[in-house]
Amino acid sequence: MAFGPGPGRTERLVLPGVLTAEEAARTVAGIAAVQRDDGAIPWFRGHHLDPWDHIEAAMALDAAGERERAEAAYDWLARHQNPDGSWCAAYSDTAAGVDTAHPADPARESNFCAYVAVGAWHHYLSTGDDAFLDRVWPTVFAAVEFVLGLQQPGGQIGWRREADGTAATEALLTGSSSVYQALRCALAIAEHREEPQPDWELSAGLLGHAIRRHPERFLNKDHYSMDWYYPILGGALTGAAAKERVEEGWDRFVVPGLGVRCLSTNPWITGGESCELALALWVMGESDRAVEILRWIQPPLRAEDGMYWTGYVFEDDAIWPEERTTWTAGSLLLAVAALGGDEATTAVFGGERLPRGLDSDCCG
């Protein structure tokens, strides 16, 4: 597949103290350089890809105006979707230009599969391309049906189906929160197509209720920062409850002047978590704190080529691991796009116009 010249329009990705237009262009070019000719976006050259991070990078390309590259990423997903609507948890990298998908982890993770709905709706809002939405709808529909096959009676989503078909009934708060956002985007696509999905509405309502009211239905991973902010980033927790949650965990996870810990127990800040928290803060209306965190991570994590290191061990003054991932760069660009008012990005993360599903908070 031949792509047009890139990177695209990066003026929307300028944020004082975080990115200049030239710096944004280098970051976009860094992601584009990793994308294979078949549309796949691995973590970095020679490494594997997973569906969720592949989509995150594709959304960043859309935010930068790289429409053709983003569409190629979604076409890759459509071509390699499993018959049950899923994707494998990881695929080995292959030679550039070779359109193959070799599973490195044949199990299927629910939030990885659901995220295609977020990416597809983001691409449509970025382009207004109804033909794309028509083409991707069967892919989104099958993925959502697969994911809802893992929903438990309490509303939470089992996190994984093994290669042999065995379903994991345990649910992860971060993964289920991501699925909640994806279900709302899937419902927005269905609404746009005038194809109502009442079962999805019920499932989204039950899931949102579980996230807001029943922490006991999820595995306890509260030492991970993602479990702290993802109920907000995914849109389930809003208003005063979101504010209370952020303040409760702030001192455990935020390292002033550096960024956000991945785990509360480790002296390690990571780019992906820092950028996602910035997005969550923007969702809450706290843009100043969001910009501050994005400024903090520039010195330790931005590399000369415009990409971002995954993390920094501050007690040792060491980059670790020594990898610059497309999804870390993608999360940075999406946070900047939201703060800059990019309409598609604000729509899928802000959520004001996304359907919420049937309200289940009145239920026992």
Side-chain angles (χ1 to χ4, degrees), residues 1 3-4 8 31 35-41 49-88 91 99-101 108-149 178-197 199-201 203-204 326-327 330 334 337 342-345 347-349 351 353-355 357:
M1 175 179 294
F3 293 111
I31 296 173
Q35 186 176 28
R36 300 190 329 221
D37 288 346
D38 63 0
I41 310 177
L49 72 82
D50 70 69
W52 197 101
D53 291 314
H54 167 92
I55 293 164
E56 186 86 341
M59 291 169 65
L61 290 173
D62 257 329
E66 287 283 358
R67 310 301 191 221
E68 187 177 357
R69 286 185 174 277
E71 186 167 340
Y74 297 115
D75 288 344
W76 186 92
L77 287 170
R79 290 195 303 273
H80 297 295
Q81 189 173 32
N82 294 324
D84 64 0
S86 70
W87 290 273
C88 296
Y91 295 89
D99 187 17
T100 55
R108 290 94 76 200
E109 298 191 12
S110 52
N111 68 305
F112 283 14
C113 297
Y115 208 51
V116 68
V118 181
W121 188 233
H122 183 263
H123 184 72
Y124 172 73
L125 293 175
S126 297
T127 63
D129 186 351
D130 280 299
F132 165 80
L133 207 59
D134 289 343
R135 191 169 69 253
V136 80
W137 171 244
T139 301
V140 171
F141 184 90
V144 171
E145 289 292 297
F146 168 80
V147 170
L148 293 183
S178 179
V179 171
Y180 180 71
Q181 180 193 19
L183 283 177
R184 295 179 67 198
C185 288
L187 285 167
I189 297 172
E191 185 177 282
H192 179 79
R193 292 177 54 81
E194 299 182 350
E195 296 189 30
Q197 302 295 324
D199 289 346
W200 296 3
E201 293 182 33
S203 291
T326 52
W327 50 268
L334 288 172
D342 176 65
E343 185 175 355
T345 306
V348 299
F349 288 103
R353 291 176 289 166
L354 292 178

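What you are looking at is a predicted structure, and each value in this text was computed from that prediction instead of being measured.
The pair Arg79-Asp38 does not count as a salt bridge, with every side-chain nitrogen at least 4.0 angstrom from each carboxylate oxygen. We find that Glu191 and Arg353 are not joined by a salt bridge, their nearest charged nitrogen and carboxylate oxygen being 4.0 Å or further apart. A salt bridge does not link Arg67 to Asp129: none of the charged side-chain nitrogens sits closer than 4.0 Å to a carboxylate oxygen. A salt bridge does not link Asp62 to Arg69: none of the charged nitrogens lies less than 4.0 Å from a carboxylate oxygen.
A donor-acceptor contact closer than 3.5 angstrom is absent between the side chains of Tyr115 and Gln181. At a cut-off of 3.5 Å, with distance as the only test, a side-chain donor of Trp137 or Glu195 sits close to an acceptor on the other residue.
Note: Tyr180 OH to Leu354 CG = 9.0 Å, rounded to the nearest 0.5 Å. In this structure, Asp199 CG and Gln197 CD are separated by 8.0 Å, a value rounded to the nearest 0.5 Å. To the nearest 0.5 angstrom, Glu66 atom CD is 13.0 Å from Glu71 atom CD. Expressed to the nearest 0.5 Å, how far CD1 of Ile41 lies from CD1 of Ile31 amounts to 7.5 Å. Taking CD of Gln35 as the reference point, atom CG of Leu61 lies at 6.0 Å (rounded to 0.5 Å).
The main-chain N or O of Ala188 is never found under 3.5 Å from a side-chain atom of Trp121 such that the two would form a donor-acceptor pair. Formation of a donor-acceptor pair under 3.5 Å by the Arg184 side chain with backbone atoms of Gly357 is not found in this model.
Phe141 has its ring centre less than 6.0 Å from the ring centre of Trp200.
Looking at residues two or more places apart in sequence or on another chain, you find a ring-ring contact (aromatic ring centres under 6.0 Å, His included) between His54 and Trp76.
Leu133 places a side-chain heavy atom less than 4.5 Å from the side chain of Ile189.
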